[in-house]
Amino acid sequence: MHFVIMGCGRVGSSLALTVEQRGHSVAVVDQNADAFRRLGPAFAGRRVTGVGFDHDTLVEAGIHEAHAFAAVSSGDNSNILAARVAREKFDVENVVARIYDPGRAEVYERLGIPTIATVRWTADQVLRRLVPEGAVSEFRDASGRVVLVEVPVHEAWVGRPLSALEAAAGVRVAYVTRLGQGLVPAKGMAYQEDDIVHVVVADERLAAAAAVLAAAPEEGA
């Protein structure tokens, strides 16, 4: 798959190198050509000097073939503009934008652009959004029998109470990340679109539980 990354700072360069190490092609866009030094001499991807929301710059970066686009520059406005261009003009399905101001997150989410606040922003977090790979382990107890994992949840669960997810999958929802903020589930709290769900589950139940939540709920669930 081909990835286009806007911004070659610490996060952008780390993300680009990780994507390339996983066998994908990648193009990095930055206004400052000197920023590409962070990629190192072994980087085989494209280095494109220009503005990340400029049409010709994105075409040069291979946006037409892109599986995903990540806007990780130092400017909120530039990131959201570039993300919207990639989504709306070039029909890139997997798009994510870095944001420094959590207060703007809700507005951006309503525009259909997944955002991650800088307080929890790492290259690994970005990659999880661009290339979903099932449940992601976040903690394991000393015995190895209990795990805390981030699990993908099917969109058909939107609007259903978290207690319904727990009952169907045999898990306990530890917390939910919503608009970049962690929330401890309250009674009656429902799953919302773009929520990131973190559950506690017995290790031997993990695969089965992840499969339940990755699929649409059964009738009556």
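All values below come from the heavy atoms of this structure, side chains included, with hydrogens, waters and symmetry mates left out. Throughout, numbering of the chain's residues begins at 1 and tracks the sequence.
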query = Does the side chain of Ser78 come within less than 4.5 Å of Met6's, by heavy atoms?
reply = yes

message = Determine whether a donor-acceptor pair (N or O, by modelled atom type, separation under 3.5 Å) exists between the side chain of Arg160 and the backbone of Tyr191.
response = no

Side-chain heavy atoms of Leu165 within contact of Val171, under 4.5 Å = no

ask   = So, does Ser13 use its side chain to make a donor-acceptor pair with the main chain of Gly9 at under 3.5 Å?
value = yes

message = For Arg145, is there an ion pair with Asp203 - N to carboxylate O distance below 4.0 angstrom?
response = no

ask   = Is any side-chain heavy atom of His24 closer than 4.5 Å to a side-chain heavy atom of Met1?
value = yes

Under 3.5 Å donor-acceptor, Trp157 side chain and Leu162 backbone = no

query = Is Arg98 close to Val11 at the side-chain level, that is, under 4.5 Å between some pair of heavy atoms?
reply = yes

inquiry  = Between Asn79 (side chain only) and Asp76 (backbone N and O only), is there a donor and an acceptor less than 3.5 Å apart?
reply    = no

ask   = Within the distance-only criterion (no hydrogens, no angle test), does the side chain of Gln31 pair as donor or acceptor with the backbone N or O of Thr49 below 3.5 angstrom?
value = no

key: Side-chain donor or acceptor of Asp30 paired with backbone N/O of Cys8 under 3.5 Å   = yes

key: His64 backbone acceptor or donor facing His2 side chain under 3.5 Å   = no

key: Shortest non-hydrogen separation from Ala61 to Val29 and the atoms involved   = CB-CG2, 3.8 Å

query = Is there a side-chain contact between Tyr175 and Leu183, using heavy atoms and a 4.5 Å cut-off?
reply = no

task = Answer yes or no: is there a donor N or O on one side and an acceptor on the other, between the side chain of Arg87 and the main chain of Arg84, under 3.5 Å?
result = no

Residue list, ring-ring contact (aromatic ring centres under 6.0 Å, His included) with His154, at least two apart or on another chain = none

Stepwise side-chain contact (heavy atoms from CB on, under 4.5 Å) test for Arg46 and Val28 = CA-CA 6 Å; Arg46 305 181 208 177; Val28 183; over 6 Å; no

